[in-house]
J.: 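Before we start, here is the structure in question, set down as structure tokens.
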Amino acid sequence: MESESDAESLSSDEELQIALQRGLLKPGLNLEVKPPKNSINDREGLKQALNELHNGLSWIERMDVTVDPMPPPGPLMDQLGEKPDDLSGDAVHDDFKREMKFHRQAQAAVLEGIPKLHTLGIHTKRPEDYFAEMAKSDDHMKKIREKLLAKELAMERSEKAKKMRELRKYGKKVQQEVLQKRQKEKREMAEAIKKYRKGGKQDKLDFLEDRPQRKQENVHKQVFQPGRKRELKNKKYGFGGQKKRSKYNTRESASDMSDFSVRKHSMTPARLKKTKPGNKNKRPGKMRRMKNKNKKH
Amino acid sequence: MAKKRKQSEISSKSRKTVEPEILKATRISDEPVVKKVKWTNKNRVLIFSSRGISFRDRHLMKDFRQMMPHSKAETKMDRKDKLLIVNEISEMKNCQKCIFFEAKKKKDLYMWVANTPRGPSAKFLVENVHTMMELKMTGNCLKGSRPLLSFDKEFDMFAHWALLKELFIQVFSTPQYHPKSQPFIDHVFNFSIADDKIWFRNYQIVEENAELAEIGPRLVLNPIRIFQGSFGGPTLYQNPSYVSPNEKRAMMKRAKGNKYINKIHVKKAQEEKRLEKRYNGDPTDDVFKTH
């Protein structure tokens, strides 16, 4: 028994090794696939049920089309890979590929079904002045439109930010170049002066003749404008001015007695309790009641 | 000059042409009532669910009711009731087809599609539900317009797919001249097979040169079984690759548990290895040890 089981396990090991060599198995976690449960596939029964189900209605009552998906348009060819219609294996989880296949299938169905309806003399298009209740309400469609717009706006903004970032990078580079150039000019000028001093008086100092005009662009200093995020933060947390001593007491704040209530502080707590707003409609005392009674009569 | 006709002759002739058909004063009581003959296919579909259905699934059901003007609604069925009762309910509602959503554990949704009195019927697990209410689908169509049904070629390759196709055609196609339907065709129901499952999509026909926009809902139907009868009877087909959601969850849990056990095993193995390691000293040191 043992030898048999050993032989079996050996053979299965060998099989596994061969499979690994051929590249059928990949290193990592390999789950053992269980043989399918007692699956039933009664083809005869299925065919019979199908025959019984047929009710012989004309095509116009059913309007079904069985089609292959249309070939993908040219620009999408390279995105969809070699087999755009093949959804076996991991390709099912490729959302774009899968949805494109369904979309193309529906397109093929439209291209086959609509002409068929036209040949049967059935109008498919809705006239523009025909109004009826739609599957989605106007409110819902408005929401969808707003969402689309918001998405577009966000995309635009992010693209703009990206562009700005790149521009800034480029600007830095340009500035460095400018600095280097200036330094180089300075060095050259110093050298020229040295030469002049040494006595080669015949060569002129050409920089004295044509002094480079200061560039007009640099005169206008760029006004710094904070970004959108900074602006929002300034609005929220405040910007500018000293915050250090703003909470100190001053003469004005110390002499401010506006929230001091004389009434509250001049009465004893017991009396205060009596004059609570809840006690207003209390029955007057006996003496007062008697007096009132006398007045009335 | 032509001879003039007599006035009386002309008037009698013209009067003859105008003369309307004289209706009978009374009608025989046995005479059958004249019907509107156009709407002949009186196929109706009952769409309802069991209790304990989640909000998203309820919205899905609502979407189907809205898209199918030939559908009828019913109150939710108690979970205790036997499924065969559905047949009686649909008979009472004059329906020949039925879509029944069965919710289990408040998270799993099963969908029955049945030809009610006689069968066949099929049970599916509904996965990846997106309803029409979601904002990402931009299409729209008339409320009761009749759909074009588009099927994958794979539906004709196997017997079980062919049966499901016929069932879907009869359930989802709106009868012509249905009083609640619209006379224009502006959307497509798309059924495709991928990964042994049926993927349902609904597209609006924006232009007839096949410009489409998706309306929703979206769902994936994973077939479980096909029965000969309606809501029961002998099984004609059982999907071998179907794994129930309960089993899936159990597997996930087990995988999590195994993670911990694996960690412990690794630790143990490391400790054992550490014990084996020795410093290389002089092997003759131990020779004269007596105890």
Side-chain angles (χ1 to χ4, degrees), chain A residues 36-50 52-55 57 60-70 87-88 91-92 98-99 101-103 105-114 117 122-127 130 132-136 140-141 143-145 147-148, chain B residues 41 66-67 115 118-120 132-133 135-138 140-144 146-153 155-156 159-160 162-163 165-167 169-170 173 175-176 182-186 188 190 192 194-195 199 201 203 205 208-210 212 214-215 226 228 234-241:
Chain A
K37 297 170 282 186
N38 46 342
S39 64
I40 303 164
N41 194 357
D42 180 5
R43 293 211 184 90
E44 288 307 311
L46 285 167
K47 268 175 201 167
Q48 200 188 334
L50 180 59
E52 276 171 21
L53 189 60
H54 270 301
N55 51 11
L57 285 172
I60 189 62
E61 292 286 352
R62 299 151 61 89
M63 298 215 303
D64 64 308
V65 191
T66 308
V67 283
D68 267 338
M70 284 214 320
L87 288 182
S88 58
V92 191
R98 190 188 59 222
E99 293 305 322
K101 192 198 165 191
F102 299 157
H103 192 263
Q105 187 196 321
Q107 279 180 325
V110 168
L111 290 182
E112 197 180 317
I114 295 285
L117 284 165
I122 286 162
H123 297 286
T124 51
K125 256 196 167 175
R126 181 165 65 116
Y130 183 96
E133 194 179 351
M134 305 292 277
K136 290 177 185 174
H140 186 70
M141 290 310 282
K143 263 189 206 166
I144 290 174
R145 216 168 298 131
K147 205 201 170 186
L148 272 181
Chain B
N41 177 10
Q66 203 173 26
M67 286 187 304
N115 183 28
R118 306 191 49 202
M132 215 191 257
M133 290 293 283
L135 292 180
K136 67 178 174 186
M137 307 199 227
T138 53
N140 199 359
C141 65
L142 285 173
K143 199 182 168 193
R146 303 177 60 212
L148 203 63
L149 304 179
S150 146
F151 287 91
D152 203 334
K153 276 262 166 79
F155 273 102
D156 291 341
H160 59 279
L163 181 65
K165 178 185 160 188
E166 182 61 32
L167 200 59
I169 289 172
Q170 294 194 11
S173 66
Q176 203 187 8
Q182 299 283 354
F184 309 106
I185 286 113
D186 61 354
V188 194
N190 190 62
S192 307
D195 199 19
W199 301 66
R201 298 284 183 271
Y203 295 101
I205 304 172
E208 287 183 357
N209 59 0
L212 304 176
E214 190 167 354
I215 303 170
I226 300 173
Q228 200 173 28
T235 308
L236 293 176
Y237 171 77
Q238 186 186 4
N239 187 3
S241 61

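No hydrogens, no waters, no symmetry mates; every other heavy atom, side chains included, goes into these values. Worth saying up front: this structure is predicted, and the values here are computed from it rather than measured. First the proteins, then the strands, lettered A, B, ... as listed; each starts at 1.
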J.: Report which part of B:Pro147 has an atom under 4.5 Å of a heavy atom belonging to chain A: side chain, backbone, both, or neither.
T.: backbone
J.: Is chain A contacted by the side chain of B:Tyr203, its backbone, both, or neither, given a heavy-atom distance below 4.5 Å?
T.: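 B:Tyr203 touches chain A through side-chain heavy atoms alone.
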J.: Quick one, B:Leu149 and A:Arg62 - any side-chain contact, counting heavy atoms below 4.5 Å?
T.: no
J.: Tell me, please, which residues at least two apart from B:Glu208 pass salt bridge (charged side-chain N to carboxylate O under 4.0 Å, His left out).
T.: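 B:Glu208 satisfies salt bridge (charged side-chain N to carboxylate O under 4.0 Å, His left out) with no other residue.
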J.: Is there a donor-acceptor pair closer than 3.5 Å between any side-chain N or O of B:Glu166 and the backbone N or O of A:Leu50?
T.: no
J.: For the OG1 atom of A:Thr66 and the NZ atom of B:Lys165, what is their distance to the nearest 0.5 Å?
T.: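 Answer rounded to 0.5 Å: 3.0 Å.
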J.: I'd like to know which of A:Met141, A:Glu52, A:Glu44, A:Glu112 tops the heavy-atom pair count under 4.5 Å against chain B.
T.: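 Looking at each option in turn, the highest pair count goes to A:Met141.
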J.: Return the CZ to NZ distance between B:Phe184 and A:Lys125, rounded to the nearest 0.5 Å.
T.: 12.0 Å
J.: So for B:Ile205, is it side chain, backbone, both, or neither that comes closer than 4.5 Å to the heavy atoms of chain A?
T.: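 For B:Ile205, the side chain is the part near chain A, not the backbone.
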J.: Could you check which of A:Gln48, A:Lys47, A:Met70, A:His54 has the highest count of heavy-atom pairs closer than 4.5 Å to chain B?
T.: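 The answer is A:His54.
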J.: Should A:Leu87 and B:Trp199 count as side-chain neighbours, where that means a heavy-atom distance under 4.5 Å?
T.: no
J.: Kindly compute the distance separating CZ (A:Arg126) from CG (B:Leu142), expressed to the nearest 0.5 Å.
T.: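 So the CZ of A:Arg126 and the CG of B:Leu142 are separated by 4.5 Å.
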J.: Could you look at A:Arg145 and say if it's the side chain, the backbone, both or neither that has a heavy atom under 4.5 Å from chain B?
T.: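 No part of A:Arg145 comes within 4.5 Å of chain B.
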J.: B:Arg201 and side chain to side chain donor-acceptor pair (under 3.5 Å): which partner among A:Gln105, A:Glu99, A:His103?
T.: A:Glu99
J.: Where do A:Ser39 and B:Pro240 come nearest, in terms of heavy atoms and distance?
T.: CB-CB, 3.7 Å
J.: Taking A:Leu53's backbone N and O only, do any of them form a donor-acceptor pair with B:Gln170's side chain (distance below 3.5 Å, no angle check)?
T.: yes
J.: Would you say the side chain of B:Leu148 lies within less than 4.5 Å of the side chain of A:Leu117, judging by non-hydrogen atoms?
T.: yes
J.: Any idea which of B:Ala159, B:Gly144, B:Gly119 has the most non-hydrogen atom pairs under 4.5 angstrom with chain A?
T.: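 When all of B:Ala159, B:Gly144, B:Gly119 are compared, B:Ala159 has the most.
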J.: If I measure from the heavy atoms of chain A, does B:Met137 come under 4.5 Å with its side chain, its backbone, both, or neither?
T.: both
J.: I need the A:Ile60 CD1 to B:Arg146 CZ distance, nearest 0.5 Å.
T.: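 Answer for the CD1-CZ pair, A:Ile60 versus B:Arg146, is 5.5 Å.
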J.: Start with the C-alpha gap between B:Asn140 and A:Ile144, add the side-chain angles, then the distance that decides, and say whether side-chain contact (heavy atoms from CB on, under 4.5 Å) holds.
T.: CA-CA 11 Å; B:Asn140 199 359; A:Ile144 290 174; over 6 Å; no
J.: Chain A: which of B:Ser173, B:Cys141, B:Pro183 shares the most heavy-atom pairs with it under 4.5 Å?
T.: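 So the answer, after comparing B:Ser173, B:Cys141, B:Pro183, is B:Cys141.
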J.: Look up atom CG in B:Asn239 and atom CD1 in A:Ile40, then write down how far apart they are to the nearest 0.5 Å.
T.: 11.5 Å
J.: With a 4.5 angstrom heavy-atom cut-off, could you sort out which part of B:Asp152 is near chain A: side chain, backbone, both or neither?
T.: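 Both parts, backbone and side chain.
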J.: Among A:Leu46, A:Val92, A:Asp42, A:Leu148, which residue forms the greatest number of heavy-atom pairs with chain B at distances under 4.5 Å?
T.: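 Result: the option with the highest number of such pairs is A:Leu46.
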J.: What residue in B:Val188, B:Ile215, B:Leu212 has the most heavy-atom pairs under 4.5 Å with chain A?
T.: B:Leu212
J.: Sort A:Lys136 into side chain, backbone, both or neither according to what part of it lies under 4.5 angstrom from a heavy atom of chain B.
T.: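 Both backbone and side chain of A:Lys136 come within 4.5 Å of chain B.
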J.: Is it the side chain or the backbone of B:Asn209 that comes within 4.5 Å of chain A heavy atoms, both, or neither?
T.: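 It is the backbone, since no side chain atom gets that close.
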J.: Between A:Lys101, A:Lys143, A:Lys147, A:His140, which shows the greatest number of heavy-atom pairs under 4.5 Å with chain B?
T.: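 Sorted descending by pairs with chain B, the first entry is A:His140.
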